[in-house]
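To start, the structure itself, in structure tokens.
This chain uses plain numbering: 1 for the first residue, then up along the sequence. This one's a predicted model, so the numbers in the text were calculated from it and none came from an experiment.
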Amino acid sequence: MNGNIKTDTIVWQQRFQKKKAFDLWYEENSYLLHSPASLLGDEMNSIHFDWEKAYQDGDLDDHFKVALVDVSYSVVSTASVAIRLFYQELHEYDPRWIVERFLCPATQNNDRMLKENGFAFLSLEGRMPLEAFDVICCSQQMIGDELNLIAMLLDSGIPVRSHERSEEDPIIIRGGASSFNPSVIMDVCDLFFMGEGEEILAELISLIQAGRNEGLKKEDILLKAVQKWDCLWAPCFYEQQFDEAGNLKGMAALRDDVPGTIRYNYVRDLDNCFALTKPVGNYCFPSSLTLGTDITRGCEGHCGFCVSGFTYAPFRVRSVDRVVKLAKAHILNTGTERVRLSSFSAMSYPYLNELERRIHEEVCSPDMSLSLRLDSVHENPELCNLIRRQGKRRIVFGVEGISQRLRQRTSKNCSEEQILDTVRMLCQSGYEKVKLMFISGLYGENDDDRQELIELTEKIMKICKEETPEGIDPPLVHYSWTPLKLYPFTPFQWFAARPTVDPLPEDVRNRLLEMGVILTDDQQEGEIYDLILTQLLLRGDSRFEDMLIEMATTGIRRYSHFDSNAKEFVDNWIKEHDLPGYEVWFGAKDKDTVLPWDFIDTGVSRDHLWKRYLSAASDEPKDFPRCLDKCQGCGACDKERHQNMETYRKALKLDRRIKLSNINPDAPEAEAEDRTLKYALLSYTVGEKYRSVIRSYWMDELRRTFDLAGIRFDRGKVKIYKPYLERADWADGLKMAVAAIREEISDEELLGRLNATSLHMTFTAVKWMDHFPVAKTASYRIPCPEGTDEAALAERIRTVMESDSWQIRIEYIRQCVQKLTTADVREQIHSLELKDHALLMTINVALPHYAIYQNLLDLPWEVAGRYHAVCTAIELE
């Protein structure tokens with residue numbers, strides 16, 4: 001930082017004071033925030049640095065400071081896979097680095113409150129501002145979040161444009177799963193990272209640190225970086241050129257010693273690259289759904305519309321041994337009950353049945369929340385049956401096209417025969433719901449295609465009726481439609497974009513409903529705006545950068561989607577700045593058209609993509625084979641990769657013969673031997689600030705604590721007695737948990753070992769039981785607001801308790817949006833009274849106490865949350 005020591009002292013003291021001020025403000029106002037626990041920042045496996053002590057000791061400048069920022073507005077501090085991975089990798093690469101996370105506000109309400117109080121964009125761990133860091137690494141997961149990246153810089157006081165930032169300002173790097181078209185913000189970031197970064201990012205940051213230590217200028221550091229790695233793009237060395245008519249000519253290098261083409265980087269050997277083993281826990285969503293071990297990279301299906309199959313090529317796999325080892329580390333370090341095996345197409349993993357058997361025998365019962373291709377499920381009935389036995393009642397497939405012709409247009413490799421055979425298999429296995437997802441807006445859809453959908457549905461409904469075992473209901477059939485987006489680097493990039501999607505014709509819709517199909521085919525107004533503007537940014541160029549900066553400057557943000565204000569702003573900007581209209585940006589392209597991303601090479605040849613496009617655009621499109629069936633000749637694989645694919649093809653045939661019928665999905669075989677379990681009913685306490693942490697996190701921490709303490713227990717028999725609905729978690733007082741113990745241990749030793757290894761939970765007492773207790777009711781005491789008319793409240797309570805029903809409004813959060821529902825809760829209320837200026841209630845444990853309080857006192861949700869409940873008793877049965 002520029003300035004003398006006195007100036008620096010003042011600045012740092014102000015930062016430390018703001019950190020303390022935030023902690024006080026959060027304690028008093030967190031009830032006003034949506035998912036406030038996402039801001040706590042001290043989840044399991046998080047790493048904390050004492051900034052103030054280092055400053056006082058005089059060695060703060062010896063620590064290089066790296067900010068990891070998720071630019072999507074989210075309540076999940078670990079939503080970005082890249083940030084989870086690099087958080088651990090960078091800490092381990094150089095333990096002296098300070099690496100901290102930043103989270104965009106979850107909702108407009110959170111955004112407003114944090115800004116009004118001066119707490120916008122503070123790191124989760126140290127509560128330091130962005131400008132205190134040397135490097136800012138931004139992960140973009142969604143198209144359109146370029147706007148949020150700009151807003152983040154504006155809110156933090158960092159100059160938005162790269163050339164306006166000083167040598168003292170942070171270097172800004174952008175990467176992430178949606179970094180397809182960087183030209184729309186090319187003067188905002190200093191570096192763009194294209195592809196997978198496990199083998200490069202840590203070395204890149206080390207190079208930047210060395211350059212800063214040597215006193216090099218930012219431009220010299222960037223030059224060193226792009227000359228060493230051709231997956232890096234530094235826009236300061238390039239310009240986007242246009243002809244006199246305003247047509248894009250391409251991206252031109254301004255000097256001869258930088259790469260002319262930027263190449264997507266991919267990890268060649270997944271077994272020997274860095275892999276995540278200590279994911280940061282999740283205070284706001286069940287960790288079993290967010291932790292994952294990727295077993296493959298890329299997708300061998302290469303559907304014509306899907307960008308992932310073409311930007312992450314070639315298809316690669318991790319060995320079974322490596323995945324099992326990583327799964328064991330996940331279990332130990334997070335306490336999660338099950339491990340999710342993630343990938344773009346897990347069913348294409350050539351050793352999947354073997355892996356499921358090994359995971360079950362050596363680690364835990366596997367979580368079968370897999371990404372499923374219908375053709376792969378059809379080929380693996382063993383796994384399909386295991387998924388059902390695990391308790392999964394619903395299954396979802398992306399069929400994409402409503403007719404065979406449209407499915408071939410997307411190259412889905414999914415025939416009507418496969419669909420019907422798969423539905424038949426699902427019915428026989430006892431599934432309760434089958435969902436097929438279609439893409440709306442596919443090129444050339446007509447009445448013949450819609451008639452084919454009706455005929456296909458008639459066959460599906462007949463199979464459901466005839467093939468479902470006697471004694472159970474046929475599965476529900478659900479159809480949903482997703483709007484088509486045309487992504488770069490795919491065969492569909494040359495098609496004309498559809499800014500809106502036509503609904504199903506009324507006669508077709510009615511016929512499907514008559515047959516009993518559940519339909520999700522309507523588009524909300526906000527979704528239409530978001531489709532238009534994200535499609536515009538997908539196809540735009542550097543002429544949109546000024547527009548995005550001005551949008552952010554005027555206060556427009558993208559929370560869950562672009563809204564009408566954003567659409568109106570863009571309409572006016574295009575008109576006032578004489579930019580081409582939507583019809584130009586959304587129009588069809590030909591092979592000679594220069595596209596804004598043509599300077600980037602993903603490894604798949606342009607000629608192959610054009611050949612795929614010509615087939616998709618023809619009247620008789622054809623399927624292109626999956627990589628595991630036959631090489632497509634896309635150009636992504638070298639000789640070694642071709643040999644690997646041949647190995648995978650052979651392994652796949654052998655793997656599908658492995659039987660899974662002997663797997664008990666409820667418990668690993670290693671724990672199946674007959675033992676007498678003892679159930680420990682544990683009383684525990686946690687700090688008041690953790691009131692809004694969800695129950696599943698505490699279950700994970702409890703399992704993790706048992707693992708680290710070396711106490712044998714049954715992973716599937718762990719329970720936290722705590723209401724689970726959001727805002728129902730706001731209760732202090734009595735907290736209880738139960739765990740099934742598999743060894744003899746004294747009370748003193750059990751509590752001692754648990755407290756020695758637990759992170760946030762302090763265990764105070766244990767009671768042994770001979771059965772697994774189930775919570776029936778919970779009792780609460782909640783103070784009434786000052787000035788409450790207690791006579792009127794007492795009369796209201798009497799009316800409720802004497803009535804047979806009581807319909808109340810229940811408010812909750814889903815996908816960062818506040819929702820409302822109504823419910824009859826009278827039968828779930830066992831007692832309700834007013835005593836000593838407080839409301840006392842005993843209710844079913846799953847009923848949210850805050851909703852009873854809010855409705856009785858007729859309070860807004862935000863006000864009701866101010867009056868903390870105390871849990872006074874839990875009744876077990």
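Between I47 and F49, every side-chain heavy-atom pair lies at or beyond the 4.5 Å cut-off. Counting heavy atoms from C-beta on, the side chains of L24 and K20 never come closer than 4.5 Å. Using a 4.5 Å cut-off on side-chain heavy atoms (C-beta onward), I843 and H849 make contact. Between P475 and I395, every side-chain heavy-atom pair lies at or beyond the 4.5 Å cut-off. Counting heavy atoms from C-beta outward, H34 and N110 have side chains that approach closer than 4.5 Å. Residues L39 and Y283 fail the side-chain proximity criterion, which asks for heavy atoms closer than 4.5 Å. Using a 4.5 Å heavy-atom threshold, the side chains of N844 and T777 count as touching. Between D42 and L759 the shortest side-chain heavy-atom distance does not fall below 4.5 Å.
Other residues, nucleotides and ligands contribute only 12 or fewer heavy atoms inside 6.0 Å of the CZ atom of R393. In the displayed structure, E748 atom CD is contacted under 6.0 Å by at most 12 heavy atoms of other residues, nucleotides or ligands. Within a 6.0 Å radius of NZ in K433, more than 12 heavy atoms belonging to other residues, nucleotides or ligands are found. In M142, the CE atom is not crowded: 12 or fewer heavy atoms of neighbouring residues, nucleotides or ligands sit closer than 6.0 Å. Enclosure of atom CD in E744 is not indicated, since only 12 or fewer non-hydrogen atoms of other residues, nucleotides or ligands lie within 6.0 angstrom. Counted within 6.0 Å of CD on E27, heavy atoms from surrounding residues, nucleotides or ligands total 12 or fewer; the atom is thus considered open. By the neighbour-count criterion of 12 heavy atoms within 6.0 Å, atom NZ of K115 is densely surrounded, having more than that number from other residues, nucleotides or ligands.
Y679 and F772 have perpendicular rings, their planes meeting at more than 60° on a 0 to 90° scale where under 30° would count as parallel. Classification of the F22-F119 ring pair by plane angle, with boundaries at 30° and 60°, yields perpendicular.
Pairing each heavy atom of M801 with each of H830, the nearest pair is CE-O, 4.1 Å. Listed here is the closest heavy atom pair of I694 and W698: O-CD1, 3.6 Å.
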Passes side-chain contact (heavy atoms from CB on, under 4.5 Å), I829 versus L847? Steps please.
CA-CA 9 Å; I829 301 175; L847 184 64; 4.3 Å; yes
V396 vs S480, side-chain contact (heavy atoms from CB on, under 4.5 Å): CA-CA, chis, key distance, verdict
CA-CA 10 Å; V396 182; S480 70; over 6 Å; no
Under the criterion side-chain contact (heavy atoms from CB on, under 4.5 Å), I'd like the reasoning laid out for I741 against F706: C-alpha separation, chi angles, the key distance, then a yes or no.
CA-CA 10 Å; I741 310 297; F706 271 96; 3.3 Å; yes
Checking side-chain contact (heavy atoms from CB on, under 4.5 Å) for the pair L40/V693: CA distance, chi angles, key distance, verdict?
CA-CA 9 Å; L40 287 172; V693 173; 4.0 Å; yes
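Remark: E795 engages R798 in a salt bridge, criterion side-chain N to carboxylate O under 4.0 Å. With salt bridges taken as basic N to acidic carboxylate O contacts below 4.0 Å, none links D804 and R826.
Looking at K18, its side chain does come within 3.5 Å of a backbone N or O of G118 through a donor-acceptor pair. No donor-acceptor pair under 3.5 Å is formed between the side chain of Y31 and the backbone N or O of H868. Between the R704 side chain and the G335 main chain, no donor and acceptor come within less than 3.5 Å of each other. Using modelled atom types, no side-chain atom of T842 and backbone atom of S831 make a donor-acceptor pair closer than 3.5 Å. Judged by distance alone, the side chain of N282 and the main-chain N or O of E43 form no donor-acceptor pair under 3.5 Å. A donor-acceptor pair under 3.5 Å links the side-chain atoms of Y697 to the main chain of M44, judged by distance alone. A distance-only check finds no donor-acceptor pair linking the side chain of N333 to the backbone of N45 [under 3.5 Å]. T334 places a side-chain N or O within donor-acceptor distance of the main-chain N or O of H330, the cut-off being under 3.5 Å. Proximity of a side-chain donor or acceptor of E701 to a complementary backbone N or O of H760 within less than 3.5 Å is detected. T788 contributes a side-chain N or O that, together with a main-chain N or O of P785, makes up a donor-acceptor pair within less than 3.5 Å.
A side-chain N or O of E790 and one of H837 form a donor-acceptor pair less than 3.5 Å apart. There is no side-chain donor-acceptor pair under 3.5 Å between E125 and S46.
For the pair R101 and Y87, the cation sits on the ring face: its NZ or CZ lies under 6.0 Å from the ring centre, inside 45° of the axis.
In this structure, the separation between OG1 on T821 and CZ on R809 is 10.5 Å, given to the nearest 0.5 Å. With rounding to the nearest 0.5 Å, the separation of CG in L103 from OG in S72 is 9.5 Å. Taken to the nearest 0.5 Å, the CG atom of D824 stands 10.5 Å off from the CH2 atom of W806. One distance of note links CG of L702 with CZ of F763; it measures 5.0 Å at 0.5 Å rounding.
Listed by chain and number, the residues in a side chain to side chain donor-acceptor pair (under 3.5 Å) with R715 are D707 (sequence neighbours excluded). For Q108, the side chain to side chain contact (heavy atoms under 4.5 Å, CB included) test picks out Y559, with sequence neighbours left out.
Ring centers of F121 and F102: at least 6.0 Å apart, outside the cut-off.
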